[in-house]
Amino acid sequence: MGLPWKLHGDGRTVSATTIVAPDERLGWGRTVGLGVQHVVAMFGATFLVPLITGFPPSTTLLFSGIGTILFLLITGNRLPSYLGSSFAFLAPIGAATKIGGIPLALSGIIVVGALLAVVGLVVHLAGAGWIDRVMPPVVSGAIVALIGFNLAPAARDNFVKAPAVALITLLTIILVTVLFKGLIGRLSIVIGVVVGYVAAVLAGEVDFSKVAAAPWVGLPTFTAPAFDAGQLAIYLGFVPVVLALVAENVGHVKGVGQLTGRDLTPLTGRALFADGISTVLAGVGGGSATTTYGENIGVMAATRVFSTAAYWVAAIVAVLLGLSPRIGAIISSVPAGVLGGATTALYGLIGIIGIRIWVENRVDFAKPKNQLTAGIALIMGIADFTFSFGSATFGGIIVGTVAAIVVFHVMDLIGRARGTDPATPAASDAAHAATAAVPAEPRAD
């Protein structure tokens, strides 16, 4: 049985009026180069997540590659995507780790993955229209924004540990973004981290002892999850992440569909299910949870190559990187100052992507229900409102998420019943695709 891709044209060039479709490929030399390019594009955000959470970087890279392979198989090689580490999990992972360490956090990741897989099955059977009704743009934008802004104190804490290095990192990210176009501009986070790392080395802030002791080839560190029925509040704190992942995957499908001129909507359920299974697998083995990546959409838009063959290459490269403890040790040696500078930009971008959802979907903030939905949710998330019921404590992300959904739907229901507010129509496919898809991941384009 032959490979599923047919050669595009002469296999060497892409004209200005065509694209390389998901079921096509360029010559294998160029395809390998494009796959490596996708690895570079996802790397900046993917390796920061384990650094921030304390998860092993090599394990995260390994499950990122395996998750991408699963995604391609489950979607029948028709939906190009890379599954990188999700930033939406940072706050609940931080809360879980303080109480029960990484094993408890991994159990929360598994819960989210399982719920997302169930949502995928429902969408596959019933369609995705109900998602727009439950999470209209004002609600989904508020949830994504508050997830990013809620993390602001964590960025500040790392920044103040080494302000000089953090400032160098942040300024580099800003300058690279504004000075360069195309792929280099999209790699501003990676370049900023590299420059900040060099500055930290010169300042004597990097510990290389673990790097020297790590072998070049070997298995990464695997960690088993630990479920605790007494930590219901912790698990509920993970639930809002499901909403962000749903929005990301749905947006990814619509965005790629618009860019390729294909109706990929029937694959939405498969995409959600695949990301859910990938996240469960990562949680079982000790890796970071996964999601579709906006950075890689940018690479496809720039190169006009949407071939899933390039993503197979990217996945294989990620798996190989995950099998190098030395590379994992180098990633782990990135100091707090560099993280502080990078996360100041990244967390801000996550928040702004939520606001971009409002803008692109033309959310009408002249309507009181939209004003109060967004305003209440953001204040609760940013200020980290915390409520306790017995031994259970609920932080700002879950409180803000619940507030966004409840406030909107209660005001919408009463407004329509009283005739004081007409029903809000669902967002169009074009509006969804205009966000480039995706709520929760940092994108430099």
Problem - Nearest heavy atoms of Q231 and L104, plus distance in Å - result: CG-CD2, 4.1 Å
Practice task
Can you measure from CD1 (I234) to CD1 (I93) and round to the nearest 0.5 angstrom?
Solution key: 11.5 Å
Problem - Backbone of L83 reached by a side-chain donor or acceptor of T68 within 3.5 Å - result: yes
Exercise for the section: Please check if the side chain of N249 supplies one atom and the backbone of L245 the other of a donor-acceptor pair under 3.5 Å. Expected result: yes
Problem - Value rounded to 0.5 Å, distance of OG in S85 from CG in L61 - result: 7.5 Å
Handout entry: Test side chain to side chain contact (heavy atoms under 4.5 Å, CB included) applied to T53 and T97, step by step
Key = CA-CA 8 Å; T53 58; T97 303; 6.0 Å; no
Practice task
Supply the atom-to-atom distance L175 CG to L170 CG, rounded to the nearest 0.5 angstrom.
Solution key: 9.5 Å
Handout entry: Working for side chain to side chain contact (heavy atoms under 4.5 Å, CB included), residues F149 and L378
Key = CA-CA 8 Å; F149 295 144; L378 285 181; 4.3 Å; yes
Exercise for the section: Please work out which of the three classes, parallel, tilted or perpendicular, describes the rings of F89 and F238, given edges at 30° and 60°. Expected result: tilted
Exercise for the section: Go through the side-chain N and O atoms of S86 and T291 and say whether any donor and acceptor fall under 3.5 Å apart. Expected result: no
Handout entry: Nearest atoms (heavy-atom pairs only) where L106 meets G287
Key = CD2-O, 3.9 Å
Practice task
Find the distance between CG (D157) and CG (L339) and round it off to the nearest 0.5 Å.
Solution key: 12.0 Å
Handout entry: Interatomic distance, I316 atom CD1 to L321 atom CG [nearest 0.5 angstrom]
Key = 12.0 Å
Exercise for the section: State whether a side-chain donor-acceptor pair under 3.5 Å links N370 with W358. Expected result: no
Problem - Heavy-atom pair of closest approach, residues G400 and A377 - result: O-CB, 3.5 Å
Exercise for the section: Using a 4.5 Å cut-off on heavy atoms from C-beta on, say whether the side chain of K367 contacts that of V138. Expected result: no
Problem - Flag, side chain of S307 to backbone of E24, donor-acceptor distance under 3.5 Å - result: yes
Problem - Check: V123 and F273 side chains under 4.5 Å, non-hydrogen atoms - result: no
Practice task
State plainly whether the residues D412 and R416 are in salt-bridge range, i.e. N to O under 4.0 Å.
Solution key: yes
Practice task
May I have the step-by-step check of side chain to side chain contact (heavy atoms under 4.5 Å, CB included) for F227 and V111, ending in yes or no?
Solution key: CA-CA 10 Å; F227 288 89; V111 168; 4.2 Å; yes
Problem - Closest non-hydrogen atom pair between I357 and P137, with its separation - result: CG2-O, 3.9 Å
Practice task
Would you indicate whether the side-chain heavy atoms of W312 and N77 approach each other to under 4.5 Å?
Solution key: yes
Exercise for the section: Please answer whether the main-chain N or O of A366 pairs with a side-chain N or O of D364 as donor and acceptor at a distance below 3.5 Å. Expected result: yes
Practice task
Decide yes or no for I189 and I173: does some side-chain heavy atom of the first lie under 4.5 Å from some side-chain heavy atom of the second?
Solution key: yes
Completion exercise
On a heavy-atom basis, the closest approach of S81 and T292 is OG-CG2, 3.3 Å
Handout entry: Donor-acceptor under 3.5 Å (R78 side chain, P22 main chain)
Key = no
Exercise for the section: Please examine the side chains of I19 and V305, heavy atoms only from C-beta on, and report whether any two atoms are closer than 4.5 Å. Expected result: no
Exercise for the section: With the side chain counted from C-beta on, respond yes when L79 and R270 share a heavy-atom pair under 4.5 Å apart, and no when they do not. Expected result: no
Practice task
Over all heavy atoms of both residues, which pair between A154 and Y347 is shortest? Give the atoms and the distance, please.
Solution key: CB-CE1, 4.3 Å
Practice task
Taking the side chain as every heavy atom from C-beta outward, state whether V122 and W130 have any atom pair closer than 4.5 Å.
Solution key: yes
Fill in the blank from the handout: Between P50 and the options S58, S332, P57, the side chain to side chain contact (heavy atoms under 4.5 Å, CB included) test singles out P57
Handout entry: Atom pair CZ (F47) and OG1 (T60), whose distance is rounded to the nearest 0.5 Å
Key = 12.0 Å
Exercise for the section: Test V195 against every option in V176, I168, V190 by the side chain to side chain contact (heavy atoms under 4.5 Å, CB included) rule and name the one that passes. Expected result: I168
Exercise for the section: Tell me, yes or no, whether the heavy-atom count around H409 atom NE2, taken from other residues, nucleotides or ligands under 6.0 Å, exceeds 12. Expected result: yes
Problem - Residue pair S278 / T290, side-chain donor-acceptor N/O under 3.5 Å - result: yes
Handout entry: Side-chain touch D228/S107, heavy atoms, less than 4.5 angstrom
Key = no
Practice task
Evaluate side chain to side chain contact (heavy atoms under 4.5 Å, CB included) for M411 paired with I414, printing each intermediate quantity in order.
Solution key: CA-CA 5 Å; M411 292 187 71; I414 295 174; over 6 Å; no
